[in-house]
Participant: 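Sharing a structure with you now.
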Amino acid sequence: MEQTVLTQFYLRQ
Amino acid sequence: MFEARLVEGSLLKKVMESIKDLLNEASWDCSGNGMCLQAMDSSHVALVSLMLKSDGFENYRCDRSISLGINLASMSKILKCASNDDIITIRAEDDADAITFMFESPKQDRVSDYEMKLMNLDTEHLGIPDTEYACVIKMPSGEFSRICRDLSVLGDSVIICCTKDGVRFSAKGDLGNGNIKLAQSANVDKEEEAVVVDMREAVTLTFSLRYLNFFTKAAPLSSQVSLSMSEDVPLMVEYKINDKEGDSKGYVRYYLAPKIED
């Protein structure tokens with residue numbers, strides 16, 4: 001399993 | 001001028017304990033609505049979004065919105081100097097380079113104040129859309145802490161599988177595997193002891209136990225925790241911040257990116 005990061009799901013504001 | 005006075009000062013101490021192991025530094029964004037903080041951990045796997053509502057304070061004054069850059073380990077150390085029954089006041093002048101914490105004993109016979117330097121932080125905010133999650137699991141916060149702690153014996157990850165029958169937490173590693181199944185509570189006298197699953201679609205996701213164990217540091221804030229999940233989006237773990245009377249003073253929300261198949 002590979003750990004994803006939040007910036008793959010949410011956009012930087 | 002910013003000034004906020006919290007009679008139940010132990011709440012602020014608990015809030016700091018819930019974030020200080022995950023984040024090194026963060027900005028408190030203070031406005032008329034309250035004090036907010038949003039920050040990711042250094043590896044960008046987890047995010048904390050925290051709100052202390054202005055009407056949760058006994059006195060709250062914020063003449064103009066300000067951002068207070070804080071070293072959280074330092075703030076946590078200073079708040080440890082407050083007794084659990086102390087009243088805590090936070091104060092900062094506009095454009096100040098320091099923040100003041102004042103601790104008053106309940107009888108007002110001991111007053112201490114501590115000034116802490118502020119930091120200039122380049123904060124990066126993420127836009128988190130309002131999400132209708134496929135599953136929302138509510139359970140006692142102590143139960144969730146225990147599950148995360150127990151399954152850490154077996155492995156680094158937990159598989160959370162939510163179906164109409166209930167929730168299953170599973171972990172496996174070199175020494176074997178373990179499963180914990182929670183059924184929905186049928187009849188519960190006390191709301192805080194209930195397990196409630198609100199499910200539109202079954203969901204199975206895998207998460208790092210190391211981060212979940214960081215999140216459970218917020219358990220002293222709330223008797224219940226909610227886990228919100230949808231396929232292929234980050235998990236949201238929410239602890240509401242309630243005072244002794246049970247009134248809502250805000251929340252601590254954690255977001256955790258899932259683990260996916262290589």
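Just so it is clear: chains get the letters A, B, ... in the order the sequence lines come, proteins before strands, and each one is counted from 1. A quick note: this is a predicted structure, and the numbers were derived from the prediction, not measured.
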Participant: Can you list the residues of residues 26-36 of chain B that sit under 4.5 Å from chain A, counting heavy atoms only?
Facilitator: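 Contacts with chain A: none.
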
Participant: Could you look at A:L6 and say if it's the side chain, the backbone, both or neither that has a heavy atom under 4.5 Å from chain B?
Facilitator: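 Both parts, backbone and side chain.
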
Participant: Quick one: does any side-chain atom of A:T4 pair with a main-chain N or O of B:K259 as donor and acceptor, under 3.5 Å?
Facilitator: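 Not confirmed, A:T4 side chain does not pair with B:K259 backbone.
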
Participant: To the nearest 0.5 Å, how far apart are OG1 in B:T131 and OH in A:Y10?
Facilitator: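 Answer rounded to 0.5 Å: 5.5 Å.
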
Participant: More than 12 non-hydrogen atoms from neighbouring residues, nucleotides or ligands closer than 6.0 Å to CG on B:D262, yes or no?
Facilitator: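 Yes - once you tally the heavy atoms of other residues, nucleotides and ligands closer than 6.0 Å, there are more than 12.
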
Participant: Might you confirm whether atom CZ of B:R146 has over 12 heavy atoms from other residues, nucleotides or ligands at distances under 6.0 Å?
Facilitator: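 No, the 6.0 Å shell around CZ holds no more than 12 heavy atoms from other groups.
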
Participant: How many angstroms lie between OG1 in A:T7 and CG in B:L126, if you round to the nearest 0.5 Å?
Facilitator: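 Answer for the OG1-CG pair, A:T7 versus B:L126, is 7.0 Å.
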
Participant: Please report the interatomic distance OG1(B:T206) to CE(A:M1), rounded to the nearest 0.5 Å.
Facilitator: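 It is 3.5 Å, given to the nearest 0.5 Å.
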
Participant: Taking CG in B:N120 as the centre, count heavy atoms belonging to other residues, nucleotides or ligands within less than 6.0 Å. Is the count above 12?
Facilitator: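 No, the 6.0 Å shell around CG holds no more than 12 heavy atoms from other groups.
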
Participant: If you count the non-hydrogen atoms of other residues, nucleotides and ligands that lie under 6.0 Å from CG in B:D55, is the total more than 12?
Facilitator: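 Atom CG in B:D55 is packed in, count exceeds 12.
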
Participant: Around B:E132, counting heavy atoms of other residues, nucleotides and ligands shown, do more than 12 lie under 6.0 Å from its CD?
Facilitator: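 It does not: B:E132 CD has 12 such atoms or fewer within range.
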
Participant: Counting heavy-atom pairs closer than 4.5 Å to chain A, which one of B:I128, B:V233, B:L47 comes out on top?
Facilitator: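 Looking at each of B:I128, B:V233, B:L47 in turn, B:I128 comes out on top.
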
Participant: B:S157 versus chain A, heavy atoms under 4.5 Å apart: side chain, backbone, both or neither?
Facilitator: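 Neither part.
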
Participant: Is it the case that more than 12 heavy atoms not belonging to B:N179 sit under 6.0 Å from its CG atom?
Facilitator: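 Counting other residues, nucleotides and ligands, CG of B:N179 exceeds 12 neighbours.
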
Participant: Does B:K138 have more than 12 heavy atoms from other residues, nucleotides or ligands lying within 6.0 Å of its NZ?
Facilitator: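 Not more than 12 within 6.0 Å, no.
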
Participant: Give, as side chain, backbone, both or neither, the part of B:E261 having an atom under 4.5 angstrom from any heavy atom of chain A.
Facilitator: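 For B:E261, heavy atoms of backbone and side chain both lie under 4.5 Å from chain A.
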
Participant: Does CD belonging to A:Q8 count more than 12 external heavy atoms closer than 6.0 Å?
Facilitator: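 Result for CD/A:Q8: enclosed.
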
Participant: Checking side chain to side chain contact (heavy atoms under 4.5 Å, CB included) between A:Q3 and each of B:D156, B:I260, B:V45, which is the one that passes?
Facilitator: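 When B:D156, B:I260, B:V45 are each tested with A:Q3, the side chain to side chain contact (heavy atoms under 4.5 Å, CB included) holds only for B:V45.
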
